[in-house]
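These notes concern the structure reproduced below.
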Amino acid sequence: MTQTQQKILIVEDEPEIRRFLRVSLAEHGYLPLEAAEGELGIAMAASEKPDLIILDLGLPDIDGTEVAQRIREWSAVPIIVLSCRGQETDKVAALDMGADDYLTKPFGVQELLARMRVALRNCAARSDSCYETIFTAGKLRVDISKHLVFVDDVEVHLTPIEYKLLQELIKNAGGLVTQQSLLRNVWGPGYAKEGHYLRVYMGALRRKLEEDPAQPQYLITEPGVGYRLKVN
Amino acid sequence: MGQLSAISFQLVAESKLLFEDLSLRNWVRRELKINWLEYIAAFLLVATVTAVGFLVQWQDATANLIMLYLLCVVYCATTMSRGAAIFASIIGVASFDYFFVPPYFAFAPSDSRYFFSLGALLIVALLISELPARTRARAVLAQEQARLAEVQYFLSRDLLSTTAIDELVCLASRRAGEVFHCQSAIWLPNGEGDKIALASGQQALEADMVAAAQECFNLKQAVRRSHSGTGSCSELFLPLLASQQAVGVLGLLSSEAINLDPPQMNLLLAFANHTAVALERAILWQATEAANLRVEQERLRSALLSSVSHDLRTPLSSITGAASSLLASFDSMNREIAKELIQSIYDEAERLNRFLSNLLDMTRLQAGIINLKTDWYSLEEVVGAAISRVEKRLNKHRIVTKLPGDLPLIEIDPTLIEQLFINLLDNAAKYSDPGNEIRITAYATSSLFSVEVFNSGSQLPLGDEVRVFEKFYRGRQTLSGCGVGLGLAICKAIVQAHGGQIFAENMSSTGVNFLITLPIKREAPRVDLELEPEAGG
């Protein structure tokens, strides 16, 4: 059915969690590889060329954040970080270093698989640089080639910035987009600290696209981290 | 800034004024200074009496004359200095003798009776002049004491106003410097045995100076040091002796000689005493505070322990039980039963996770580990995130949000405020029946942001509106089981960390309302908005 098994590198020091991941990933058709330490993880990322890395932030030898940073220096492989409650700062740091998404322990395997699928798909789309021309999620439909947005088949008029914001989220649909990257890509590098712009425009976008902006169906907030465009 | 310097100027001026004429030596010098005017006045008085007696030819009525001279002496003694009175009595007797006692216009009285008059006059002069002189001396002394008390008050008046040791030490050393016109420093024990360390005063001190201060502290005695051989010292160290031990050293350092009069010295000693008492008080206060904190931490820890052993063991027991029966008889087990056991393991693990998260949050908030990472956020977003986080747990409840579209951005820590709403929603879901409405309303004035979370569940027991926010408070048992009793305590801690307030109130008809108010400390930054696109453009 699938062409080849996709390799998933697990960098995690807890053997029980490795075991749970190994079993679950193998069960779902992936090929799990394991590293119990950060340095080994970096080495295996280079030698094995995995399709995705699951990276724990609390490693015995080096900081998970550092592992993410060092891998990002030469590879665009998707990285999903596993964080604990109380590691919020490290988590945001790792995401700013280039990690693609995160999960907070304890997490269910369905959550993990969903994040992995999104990260793998978005990565493939990036490398092929072929984006779909029509994006749909629920009642939301975006014609990317024509810059048209519809809710329930009724056209919605967005300002240029609102559209750019939506476009950034669509590029990584389903995945996490950090505040930093949104501010950088939509407003420019000088706006990295101007989070209030993001809040105001995101609010405006929600009022145009969401039925109830306080209980959004598409534009989901991850407080303190970023935003996620929910696909289904 | 200008105001501050004005105050310090006033302080210095005040201290200078208080110190003027303070020394005893000045007073003695003033007392001994001969006031020539008084002597001239006494002389003129006696001369007038003599002239009158001479003109009316009172050589025969010597008793009258003596009375007049006596009057002169009494007047001088009461109104002028003692010297003037004695002077008046001497020249009075001399004139009497010279002009009115035969032989006239010559001394050496022939009649020995007049010797007695002379002596009596002198004694009266001395006795009477003694009285006002003594009264005056007493008044001067009283004034002196009042002035000393005033200086002492100025020195010590703020010492009891603070229990912060740093502040106290700064204040004491500054006051000492102002009043005694020199630099001052205070050393306090540095916590390592008997060593002391500079707590306030100039930073660059010579090593021998430090040694001298240390010596003063060890011996509990004043230490004087002088650089020149003049005998007057330029450094003076006083131990700060409290009721139980020496609590520090006060040093006066001057490039000139420090020469203190006995009253000044007394004042300095009294000041050192006051400082020591204030320091000891502050030290004791801090110890009490630390003890209270320890007691509170101990209380929390024991409550935590009992909570952990009781509440956390329940889900653990279910997990262990379910997993062990799965392990033991998985092959023979009915699929449905196996699935039920697995579901139970999952649910109980989730519950355990929530308990632990609450405990972790509470201890972190309690210990002040959490630093607020505030930025401008939209309440709508944070509430939305909280709702999506609890959605699974309360799918039977309807959440209604009434957030005006023009709510301003608010400066908050988004993760903490999200947690606040998660806990409030969990609480609302726990204490109201499935299918009921949970309503979130918000409004803002120019200075206050208010959010209400209403649930139509049963009311709080009377008087529990405040107690619900206490740690380990639990409401009535519910179907979903009781929490660990920390959810609302965490809410309170989060709101307080933002400088806001949280209240619970029973609504008149039914339900409970939680009201959160957060202060708006400054205006949200401006965001330049784009023009809305033309429809169809």
Side-chain angles (χ1 to χ4, degrees), chain A residues 84-89 91-92 104-111 147-149 154-165 179 183 187 191 193-208 210 212-228 230, chain B residues 346 349-350 352-353 356-358 360-361 363-364 369-371 373-389 391 399-403 405-419 421 440 442 524-537:
Chain A
C84 283
R85 213 183 163 77
Q87 289 182 325
E88 280 78 10
T89 320
K91 176 178 79 188
V92 174
T104 305
K105 287 181 186 174
F107 53 87
V109 74
Q110 294 307 327
E111 259 177 300
H147 287 212
L148 295 178
V149 181
V154 178
E155 194 186 344
V156 179
H157 299 280
L158 301 185
T159 65
I161 289 184
E162 285 164 1
Y163 184 79
K164 224 169 152 188
L165 200 55
Q179 298 176 30
L183 285 167
W187 279 275
Y191 281 80
K193 289 209 163 68
E194 312 288 318
H196 49 279
Y197 273 82
L198 192 48
R199 252 67 80 184
V200 167
Y201 277 92
M202 197 57 86
L205 196 54
R206 278 208 189 91
R207 268 184 283 284
K208 287 182 181 176
E210 301 278 3
D212 180 356
Q215 299 187 54
Q217 302 302 308
Y218 314 113
L219 302 165
I220 306 298
T221 313
E222 301 259 355
V225 185
Y227 295 88
R228 195 186 292 278
K230 208 165 159 186
Chain B
Y346 184 76
E350 283 260 285
L352 204 55
N353 181 38
L356 285 174
S357 302
N358 270 344
L360 184 65
D361 282 352
T363 38
R364 285 200 302 165
I369 294 169
I370 291 184
N371 297 323
K373 285 195 277 290
T374 58
D375 196 0
W376 294 98
Y377 276 88
S378 112
L379 187 79
E380 191 181 79
E381 276 192 356
V382 181
V383 166
I387 292 173
S388 73
R389 205 60 72 89
E391 230 161 20
I399 299 181
V400 179
T401 50
K402 287 184 178 164
L403 310 176
D406 58 351
L407 270 184
L409 294 183
I410 179 168
E411 206 173 13
I412 48 171
D413 181 311
T415 7
L416 286 181
I417 295 293
E418 184 194 14
Q419 190 62 48
F421 285 111
I440 303 179
R526 241 168 54 85
V527 172
D528 306 320
L529 289 174
E530 301 166 293
L531 287 175
E532 284 299 320
E534 301 267 328

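Keep in mind that this is a model prediction, so the values were computed, not measured. Per chain, numbering begins at 1; letters A, B, ... match sequence-line order.
Residues B:E380 and A:G203 approach most closely at OE1-CA, 4.4 Å, considering heavy atoms. The shortest heavy-atom contact between B:V527 and A:Y201 is CG1-CE1, 3.9 Å. Here the shortest heavy-atom pairing between A:A214 and B:I387 reads O-CD1, 4.0 Å. Taking both residues in full, the closest heavy atoms of A:P223 and B:T415 are given as O-CG2, 4.0 Å, listed atom of the first, atom of the second, then distance.
Interface residue B:I399: backbone and side-chain heavy atoms are both found under 4.5 Å from chain A. Only the side chain of B:E418 comes within contact range of chain A, judged by heavy atoms closer than 4.5 Å. No part of A:Q217 comes within reach of chain B, as not one of its non-hydrogen atoms sits under 4.5 angstrom from that chain. Contacts of A:P213 with chain B are made by both backbone and side-chain atoms, with heavy-atom separations under 4.5 Å. Using a 4.5 Å cut-off between heavy atoms, A:E162 contacts chain B through both its backbone and its side chain. For B:R526, the part lying near chain A is the backbone, with the side chain staying farther off; criterion is any non-hydrogen pair under 4.5 Å. Neither the backbone nor the side chain of B:E411 comes within contact range of chain A; no heavy atoms are under 4.5 Å apart. Neither the backbone nor the side chain of A:L219 comes within contact range of chain B; no heavy atom of the residue lies under 4.5 Å from a heavy atom of that chain.
Taking chain B as the reference chain and counting heavy-atom pairs below 4.5 Å, the highest number among A:E194, A:K208, A:M202 is found for A:K208. By number of non-hydrogen pairs under 4.5 angstrom with chain A, the leading residue of B:S378, B:A385, B:S357, B:A386 is B:S357. In terms of heavy-atom pairs under 4.5 angstrom with chain B, the leader among A:G224, A:G195, A:A204, A:G108 is A:G224. With respect to chain A, the highest number of heavy-atom pairs below 4.5 Å among B:P414, B:A349, B:G384 belongs to B:P414.
Proximity of A:R199 to B:D375: side-chain heavy atoms (C-beta onward) are separated by under 4.5 Å at one or more points.
Atom NZ of residue A:K230 and atom OG of residue B:S388 lie 7.0 Å apart, to the nearest 0.5 angstrom. To the nearest 0.5 Å, atom CD of residue B:E391 and atom CD of residue A:Q215 are 6.5 Å apart. Between the OG1 atom in A:T89 and the NZ atom in B:K373 there is a gap of 3.5 Å [rounded to 0.5 Å]. Taking CH2 of B:W376 as the start and CG of A:L198 as the end, the distance is 16.0 Å to the nearest 0.5 Å.
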